[in-house]
Engineer: 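The structure is given below, and queries will be raised subsequently.
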Amino acid sequence: MIPLLNLLLNENMKIYRRMRTWIMMAVIVILTLTVLLIGHFEAPSLSEAVISRTLWHGISVAGANLIFLCTIFTVVIGADSVAGEFSSGTIKLLLIRPASRAKILLSKYVSMLVFAIVLILILLISAFLISGILEGFSSIADGTAGHVLAIYGTSSIEMLLIVTLAFMLSTVFRSSSLAIGMSLGLLFIGPLLVLLIAKYSWAKYYLFSNTLTQYVNHDPLIDGLTLNFSIGVLLAYFIIFNLLSWVIFIKRDVAA
């Protein structure tokens with residue numbers, strides 16, 4: 001347990017000692033402020049015709065615009081987590097430690113997930129404070145909190161799958177740029193492909209056909225999809241991505 005804790009501390013140090021990490025966090029806060037200021041000061045006829053301005057509406061708007069960015073930032077961190085060790089040559093120094101390869105990879109994966117959670121919390125907290133200041137905290141109990149938090153929660157699960165994919169690609173190909181490029185390519189193109197393949201029966205097994213946010217909005221992308229089925233498909237992808245990461249990393253010849 002102690003070796004794993006030390007590995008986790010070491011991996012988190014690698015993430016948070018870099019200036020890019022703090023820049024990413026600052027960008028989330030700055031863009032949250034920007035998005036909510038634009039929404040607050042836009043012409044009333046444009047906003048009030050659609051929905052009243054409330055605390056939770058502001059939080060929802062911030063999430064809709066910026067959770068995607070949180071995913072991109074975490075993909076960059078996850079893709080560099082393993083591949084960066086190979087490209088810099090520090091992987092051999094890491095593997096001579098008295099810890100199994102499985103624990104080393106687990107520490108990297110958990111540290112990446114912690115970073116993802118930190119970004120989501122920064123987004124949620126900054127959106128809550130900024131939206132509250134702009135729109136007032138009186139609407140905090142207006143009944144929409146559950147819906148907004150459900151969107152954040154389901155979006156976070158989708159984020160988990162994408163960053164796990166990036167982590168797997170980083171482990172398999174040992175290339176940060178390749179892992180980032182492929183992951184972001186799927187992130188941008190993947191949802192669009194759903195519209196093209198929806199007519200095929202196998203489309204329901206496609207990763208991006210099973211996003212959980214569609215059930216929060218009661219608008220399934222493909223007829224016949226159910227929440228339980230989508231959870232099962234996403235769980236299968238999650239297991240496959242992680243199995244590939246662990247099996248390949250444990251069995252790989254570092255000298256290769």
Side-chain angles (χ1 to χ4, degrees), residues 12-13 15-80 110-164 166 180 183-184 187-188 190-191 211-219:
N12 278 281
M13 283 178 55
I15 294 175
Y16 296 103
R17 73 184 179 188
R18 294 188 176 185
M19 181 60 66
R20 73 176 182 186
T21 301
W22 299 99
I23 292 175
M24 290 175 181
M25 294 178 180
V27 167
I28 294 296
V29 175
I30 293 171
L31 289 182
T32 301
L33 176 62
T34 303
V35 167
L36 294 180
L37 282 174
I38 292 174
H40 180 73
F41 290 108
E42 67 179 348
S45 59
L46 294 178
S47 61
E48 293 174 2
V50 180
I51 189 170
S52 60
R53 295 169 175 170
T54 64
L55 167 68
W56 291 106
H57 173 237
I59 296 173
S60 177
V61 169
N65 287 279
L66 297 176
I67 288 179
F68 188 80
L69 185 61
C70 291
T71 303
I72 292 176
F73 287 163
T74 310
V75 162
V76 172
I77 296 297
D80 188 53
V110 171
S111 298
M112 178 192 67
L113 295 186
V114 169
F115 178 73
I117 293 171
V118 168
L119 287 187
I120 292 294
L121 287 176
I122 289 175
L123 171 59
L124 183 57
I125 293 171
S126 59
F128 178 83
L129 294 175
I130 297 170
S131 183
I133 292 171
L134 293 174
E135 313 298 349
F137 291 96
S138 59
S139 60
I140 193 171
D142 65 358
T144 60
H147 179 78
V148 173
L149 293 178
I151 292 176
Y152 271 78
T154 53
S155 297
S156 296
I157 293 174
E158 296 162 15
M159 177 181 178
L160 169 66
L161 267 295
I162 296 299
V163 299
T164 301
I180 293 172
S183 300
L184 294 184
L187 184 60
F188 282 99
T211 55
L212 299 184
T213 308
Q214 62 185 311
Y215 298 104
V216 178
N217 298 323
H218 306 290
D219 186 25

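By convention here, the first residue in the shown sequence is residue 1. The model shown is predicted, which means the values in this text are computed figures rather than measured ones.
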Engineer: For residues 151-159, which side-chain donor-acceptor pairs fall under 3.5 Å, sequence neighbours excluded?
Structural biologist:
from	atom 1	to	atom 2	distance (Å)
Y152	OH	I59	O	2.7
Y152	OH	G63	N	3.2
T154	OG1	A150	O	2.9
T154	OG1	I151	O	3.2
T154	OG1	T213	OG1	3.3
S155	OG	I151	O	2.8
S156	OG	Y152	O	2.7
E158	OE2	L212	N	3.2
E158	OE2	T213	N	3.1
E158	OE2	T213	OG1	2.6

Engineer: So how far is it from L37 CG to S131 OG, rounded to the nearest 0.5 Å?
Structural biologist: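 So the CG of L37 and the OG of S131 are separated by 10.5 Å.
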Engineer: How far does CG of L69 sit from OG1 of T74, to the nearest 0.5 angstrom?
Structural biologist: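 If we round to the nearest 0.5 Å, L69:CG and T74:OG1 are 9.0 Å apart.
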Engineer: Drop me the distance from L66's CG to I72's CD1, to the nearest 0.5 angstrom.
Structural biologist: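 Atom-to-atom, L66:CG and I72:CD1 are 10.5 Å apart.
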Engineer: With heavy-atom distances below 4.5 Å as the criterion, would you say the side chains of L33 and V29 are in contact?
Structural biologist: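 In short, these two side chains do not touch, never coming nearer than 4.5 Å.
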Engineer: With F128 as reference, evaluate T32, L123, I140 under the side-chain contact (heavy atoms from CB on, under 4.5 Å) test and give the passing residue.
Structural biologist: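 Running side-chain contact (heavy atoms from CB on, under 4.5 Å) over T32, L123, I140 with F128 returns exactly one hit, I140.
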Engineer: Apply side-chain contact (heavy atoms from CB on, under 4.5 Å) to the pair I30 and T34, showing each step before the final yes or no.
Structural biologist: CA-CA 6 Å; I30 293 171; T34 303; 4.2 Å; yes
Engineer: How many angstroms lie between CG in L36 and CG in N65, if you round to the nearest 0.5 Å?
Structural biologist: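 Going from CG on L36 over to CG on N65, the span is 9.0 Å.
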Engineer: With sequence neighbours left out, write down each residue that passes side-chain contact (heavy atoms from CB on, under 4.5 Å) with Y16, or none if nothing qualifies.
Structural biologist: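 With neighbours one apart ignored, the set is N12, T21, W22, M25, V114, F115, V118.
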Engineer: Supply the atom-to-atom distance L119 CG to T71 OG1, rounded to the nearest 0.5 angstrom.
Structural biologist: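 One gets 9.0 Å once the value is rounded to the nearest 0.5 Å.
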Engineer: Find the distance between CG (L55) and OG1 (T144) and round it off to the nearest 0.5 Å.
Structural biologist: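 That separation rounds to 8.0 Å.
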Engineer: With side chains defined as the heavy atoms from C-beta onward, is the minimum distance between I77 and F73 less than 4.5 Å?
Structural biologist: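 In short, these two side chains do not touch, never coming nearer than 4.5 Å.
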